[in-house]
Amino acid sequence: MTAHGGNCLTDTAPNAGGQPKLVCLHAAGATAAMFFELAERLHGRLAVEAIDLPGRGSRYHNAPLRRVSDAVGFMMPLLRDFPHRGYALFGYSMGALVAFELTRKLQEAAGALPAFLVVAAARAPQVPARDDPIHLMDDQSLFGELVRFQGTTPELLNNQELIALLLPRLRADFELCETYVFREGDRLPFPVYAFGGHDDETVTVADLAAWSEVAREGTTCEQFRGGHFFINQQAGVLADRIAAFAEEAIHPQSSVSGTTGNG
């Protein structure tokens, strides 16, 4: 699956074209396709590698994952040959939680760490959920939550067959998020940039600011016009912000080096 500009892939390929990488992890219920416009906007500045977790997109025939630890285990081999500090991670909603635990695992395994982490539409991992577990709801209520998150299109709302295909994946994704238990540990040794939507009722400014508690190199928070999926309206602004972060944090020699390890 490739965007029109040839800049969005579903599998990682370190150092292709010599450009620094932005590895993207999607929201619950979504696919790598949610990053297509962002990839277009970053063309020529960053190579976007948007990963489909099992159960969707290029991995539709695989069972969806139901635990964050399983998603981290799935991602680790994909980043094995990435250069230390020569790429960045971007996690959206559910993807932010996976990205956070992925960086922790990389720290523990002395793997190649990203230069920085971008999170969007996501509470900091230590902030407890305020709502009842969505993955335990019946199908009608579960779909109602998708509507509340503004994660649907008119075509989907009127297509019962597509809804029936989507709901098991959506339920598994919410289970992945809602069974997560935060554990204390070392703070992330790189900057975290936390973005949110002004109209997102599920993630507050305080939720975004709380990312500073798990990062020791500083956290920048910013809200944009839009709701939970503000990326659909603000891809250009997001691209400019991320490209600026990368220009400052990722140096050419880092993005082409094959060296790994965080020493």
Between [X] (side chain) and [Y] (backbone), is there a donor-acceptor pair under 3.5 Å?
{"X": "Asp173", "Y": "Leu170", "answer": "no"}
{"X": "Glu178", "Y": "Ile134", "answer": "yes"}
{"X": "Arg56", "Y": "Pro54", "answer": "yes"}
{"X": "Arg225", "Y": "His198", "answer": "no"}

*Atom CZ of Phe35 and atom CZ of Arg41: how far apart are they, to the nearest 0.5 Å?*
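Rounded to the nearest 0.5 Å, the CZ-CZ separation comes to 15.5 Å.
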With a 4.5 Å heavy-atom cut-off, do [X] and [Y] have their side chains touching?
{"X": "Phe100", "Y": "Val119", "answer": "no"}
{"X": "Leu238", "Y": "Phe230", "answer": "yes"}
{"X": "Met94", "Y": "Leu53", "answer": "yes"}
{"X": "Thr103", "Y": "Leu89", "answer": "yes"}
{"X": "Glu101", "Y": "Tyr180", "answer": "yes"}
{"X": "Tyr193", "Y": "Arg241", "answer": "no"}
{"X": "Arg66", "Y": "His135", "answer": "no"}
{"X": "Arg104", "Y": "Asp186", "answer": "no"}

*asked:* Closer than 4.0 angstrom, basic N to acidic O: yes or no for Arg183 and Glu108?
replied: yes
*Output yes when Asp139 and Arg171 qualify as a salt bridge under the 4.0 Å nitrogen-oxygen rule, no when they do not.*
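Yes.
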Give a yes or no on this: more than 12 heavy atoms of other residues, nucleotides or ligands lie within 6.0 Å of atom [atom1] of [X].
{"X": "Arg216", "atom1": "CZ", "value": "yes"}
{"X": "Phe182", "atom1": "CZ", "value": "yes"}
{"X": "Asp132", "atom1": "CG", "value": "no"}
{"X": "Glu201", "atom1": "CD", "value": "no"}

*Would you say the side-chain atoms of Tyr87 and Glu49 include a donor-acceptor pair closer than 3.5 Å?*
no
